[in-house]
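Handing you this structure, nothing more for now.
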Amino acid sequence: MSLPRTLGELRHSPYSEETLRTRRVKDELRDNLVTRLRAGCPIFPGIVGYDDTVVPQIVNAVLSRHNFILLGLRGQAKSRILRALTTLLDPQMPYIAGCEIHDHPYAPICRRCREFVAEQGDSTPIAYLSQDERYVEKLATPDVTIADLIGDIDPIKAARGGHELSSEMTVHYGLLPRANRGIFAINELPDLAGKIQVGLFNIMQEGDVQIKGYPIRLPLDLALVFSANPEDYTARGKIITPLKDRIGSEIRTHYPATVEEGIAITAQEAWTQRNKHKLHVPKYVQEVIERIAFAAREDKKVDKRSGVSQRLPISCMENVISNAERRAIRHQEKLVVPRIGDVYAAMPAITGKLELEYEGEMKGADHVGRELIRTAVAKTYDSYFKGAEMNQVVQWFDLGGEIQLADTAGAAEALTSLRNIQGLMEKLVKLNVGPKDTPEAQVSAAEFVLEGLHAHKRIGRNEERVFTAGEKTPKATEKSFEREDLPPFRGRRPYN
Ligand SMILES: [Zn+2]
């Protein structure tokens, strides 16, 4: 279908004056949402874990035609949800061609367009915006000015056009007017200076604003959405009350409630499908990676206020695969199977995403990171091997057995040494791995068992990744291993 190109054509199209004139952005979002709800389609495809919590609240906010704010910690898909709102806009929106603020064909607010329409009548040219073009996003920082957000008086424009300074013809428009008839998102709202918040409020409330003392009338049509850290937002004095009052709905986001949900998000977001190499990421590796984030969110050495982003497991997964890929390339293996050793090698993807408390700072990010991996390995190991008889394996080490499993060691060679450990390979059945599986998969699974035993301090391992007998404190170790309530590790060794 070819779109109407002039105001005259537009009048006799589905975009008639009757349908369009009173339809504001929030009506448009609402109408399209209602259609989607009726059809029973997912509202925000690709947003995982929010179906029963965040999504219904957003739906209600849109149905209520509210401006709303998402309150949540880092990496809770806030920006992603806000961006997904564009899918509720019409595919094409007509506006008066050439207008900087995308004026409404039937109700232009800028003088340029009003004069233009008066002059050209039905031959006024019409242009269109797509959904994405109607989304403007701004990260709030203390140095954002009224000029950035709303606009500035341009004396040159005034002089050239012979306009008065207070005429809107002299305004150099900021982000907000340029987002007119679309969605405007401000991230980290509390970082916006009070003065700017007042300007924002005036636009929302009255449709006019003062720029350098000149009153400028701008009755903009916008859906305003915000995001903020909950503590910053609720802190007294960070948000001016009248602005808070104008935000219709306050919606809390959260981290994945279960490891399974976390795995689903990470699987969706991480870059895993790479060329050339066939990849198999064992379930226990996925779980360990996810549980690092879960453990970090509970760890008192990690700052609770900033949270632990879902980007931690996502970046970690990418690095884990890369380390495994590097090994596969070196040994000309056809299959890439990550191991727990690769998770330890992915430390650069972990440490940068942890805001540490004082105690954590003292111990160092690396130390904290390794502890988190160990906790994650111990928990994952328990989910497969809780109560499993591992004495034979432990005994092999106690009798002086040693094995080195560098993260760079090829699968064939590693498998040969692992087979020497009596009682080990048959335990892998719990991981659905047997002697017929590829060497890559068998080595990864066997190494996971050893890492699990090490995480529970039943066997030792040094920095060169040599597994050895553990340091025994007779009886007591056996007991504490079974007891969940005891802190699993009190590092006696300087390494993990
Ligand atoms: Zn205009």
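Both counts, for ligands and for their atoms, begin at 1 and track the order of listing. Note that this is a predicted model, so its numbers are computed, not measured.
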Lys/Arg N to Asp/Glu carboxylate O, Arg23 vs Asp90, below 4.0 Å:
yes
With carbon and hydrogen excluded and only N/O/S kept, which atom of Asp103 is nearest the Zn ion (ligand 1)?
OD2
If you stand at the Zn ion (ligand 1) and look out to SG of Cys113 and SG of Cys110, what angle do those two lines make, to 10°?
110°
Pair Ser322-Arg274, side-chain donor/acceptor within less than 3.5 Å:
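Looking only at side-chain atoms, Arg274 and Ser322 do form a donor-acceptor pair, the distance falling under 3.5 Å.
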Any N, O or S atom of Cys99 closer than 2.8 Å to the Zn ion (ligand 1)
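For Cys99, the answer is yes, given that an N, O or S atom comes within less than 2.8 Å of the Zn ion (ligand 1).
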Check Leu85 against Ile58 and note the closest heavy-atom contact, atom names and distance.
CD2-CG2, 4.4 Å
Would you call Arg24-Glu28 a salt bridge at under 4.0 Å N-O?
no
Can an N, O or S atom be found in Glu100 less than 2.8 Å away from the Zn ion (ligand 1)?
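Here the distance criterion (N, O or S atom, under 2.8 Å) is not met by Glu100, so no.
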